[in-house]
Amino acid sequence: QLIYIPVPDLDSRKSILRAVLRKSPVAPDVDLDYIAEKTDKYSGADLTEICQRAAKLAIRENIERDVERSRMREEAGETEMEDVEEVDLVPEITRDHFQQAVREARRSVSDAQLLQYSSFATTLKSQRSAMA
């Protein structure tokens with residue numbers, strides 16, 4: 001048996017983004033509704049990839065910041081920086097991370113494939129109607 005599952009609509013994309021990011025530290029200025037609006041025709045897997053890419057960008061940025069702090073500490077001399085309290089920040093996923101992730105993302109289903117799938121779904125419906 002064949003089942004046609006269309007790409008997610010706007011509300012589904014919002015739900016997918018929220019579900020994928022439920023345990024992630026997302027900055028308060030990130031508008032998931034806006035991201036959902038801008039990712040029309042993206043599959044659930046495509047949206048997940050965008051979220052994962054944004055998280056990796058945040059982690060990389062945090063690592064680069066830590067490396068820079070270590071370099072500055074070495075240049076200043078370890079003893080001079082001992083008074084400074086280290087704050088271990090969890091890398092927060094910002095709007096910039098999402099913007100870059102969306103810019104680099106590619107849809108996995110082309111318009112031609114969507115048209116083909118839609119035609120397939122219509123054919124299935126008419127066959128089922130004829131059988132009933």
Side-chain angles (χ1 to χ4, degrees):
Q1 181 176 354
L2 298 173
I3 299 173
Y4 171 67
I5 301 173
V7 292
D9 62 8
L10 178 61
D11 288 335
S12 297
R13 290 193 305 276
K14 289 177 185 180
S15 295
I16 290 167
L17 290 169
R18 284 186 178 82
V20 170
L21 295 166
R22 72 185 174 281
K23 294 183 180 179
S24 300
V26 178
D29 69 335
V30 173
D31 185 356
L32 296 179
D33 291 345
Y34 178 78
I35 295 169
E37 289 171 15
K38 294 300 178 186
T39 52
D40 186 33
K41 300 180 185 175
Y42 281 68
S43 71
D46 298 337
L47 296 170
T48 300
E49 182 182 345
I50 288 170
C51 294
Q52 289 172 346
R53 189 179 303 235
K56 287 178 184 176
L57 289 167
I59 291 167
R60 277 192 202 111
E61 186 177 278
N62 196 51
I63 290 170
E64 289 169 4
R65 201 175 308 127
D66 286 348
V67 168
E68 181 63 20
R69 261 190 252 134
S70 293
R71 186 188 62 74
M72 288 173 60
R73 198 177 310 123
E74 285 177 16
E75 286 177 1
E78 293 276 334
T79 55
E80 292 179 32
M81 299 289 287
E82 285 177 0
D83 296 342
V84 178
E85 185 176 319
E86 285 285 323
V87 179
D88 188 19
L89 298 174
V90 174
E92 192 173 59
I93 308 170
T94 65
R95 185 174 46 203
D96 290 341
H97 298 133
F98 278 105
Q99 286 174 342
Q100 185 175 346
V102 169
R103 267 195 315 270
E104 295 172 0
R106 298 288 174 257
R107 286 181 18 217
S108 61
V109 184
S110 69
D111 287 335
Q113 289 171 321
L114 286 173
L115 186 60
Q116 184 180 7
Y117 293 148
S118 179
S119 172
F120 171 71
T122 304
T123 302
L124 280 179
K125 280 184 187 175
S126 63
Q127 286 176 352
R128 286 188 186 134
S129 296
M131 295 172 105

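Distance OH/Tyr42 to CD1/Ile35: 11.5 Å, rounded to 0.5 Å. Taken to the nearest 0.5 Å, the CZ atom of Arg53 stands 13.5 Å off from the CD1 atom of Ile93. Atom-to-atom distance recorded for Thr39:OG1 and Tyr34:OH is 10.5 Å, nearest 0.5 angstrom. The distance from atom CZ of Arg13 to atom CG of Asp40, rounded to the nearest 0.5 Å, is 4.5 Å. Interatomic distance, Ser15 OG to Leu10 CG, rounded to the nearest 0.5 Å: 9.5 Å. Expressed to the nearest 0.5 Å, how far CD of Gln100 lies from NZ of Lys56 amounts to 13.5 Å.
Contact detail for Ser126 and Thr123: the closest heavy-atom pair is OG-O, 2.9 Å. Residue Pro91 comes nearest to Pro25 through the heavy atom pair O-CG, 3.2 Å, listed as atom of the first residue, atom of the second, then distance.
A 6.0 Å sphere centred on CZ of Arg95 holds no more than 12 heavy atoms belonging to other residues, nucleotides or ligands. The 12-atom threshold is exceeded at CZ of Phe120, counting heavy atoms of other residues, nucleotides or ligands nearer than 6.0 Å.
A 4.5 Å side-chain heavy-atom check between Val20 and Leu47 finds every atom pair outside the cut-off. Contact of the Pro28 side chain with the Glu92 side chain is registered, since non-hydrogen atoms from C-beta on lie closer than 4.5 Å. You'll find the side chain of Ile50 stays beyond 4.5 Å of the side chain of Arg103, heavy atoms only.
Ionic pairing of Lys14 and Asp9 is not present here: no N-O contact between side-chain nitrogen and carboxylate oxygen is shorter than 4.0 angstrom. Between Arg60 and Glu64, none of the side-chain N atoms (NZ, or NE/NH1/NH2) sits under 4.0 Å from a carboxylate O, so this pair counts as no salt bridge.
Tracing side-chain contacts under 4.5 Å through hydrophobic residues (I, L, V, M, F, W, Y), one reaches Ile16 starting from Val26; they form part of the same cluster. The cluster map of Ile, Leu, Val, Met, Phe, Trp and Tyr, joined by side-chain heavy atoms under 4.5 Å apart, puts Phe98 and Leu57 in different clusters.
Side-chain atoms of Ser129 come within 3.5 Å of backbone N or O of Lys125 as a donor-acceptor pair. Looking at Asp46, its side chain does come within 3.5 Å of a backbone N or O of Ser43 through a donor-acceptor pair.
For Arg71, the side chain to side chain donor-acceptor pair (under 3.5 Å) partners are Glu68, Glu75, not counting sequence neighbours. Residues passing the side chain to side chain donor-acceptor pair (under 3.5 Å) test with Thr94, sequence neighbours excluded: His97. Scanning for side chain to side chain donor-acceptor pair (under 3.5 Å) contacts around Asp111 gives Lys41, Arg107, with sequence neighbours left out.
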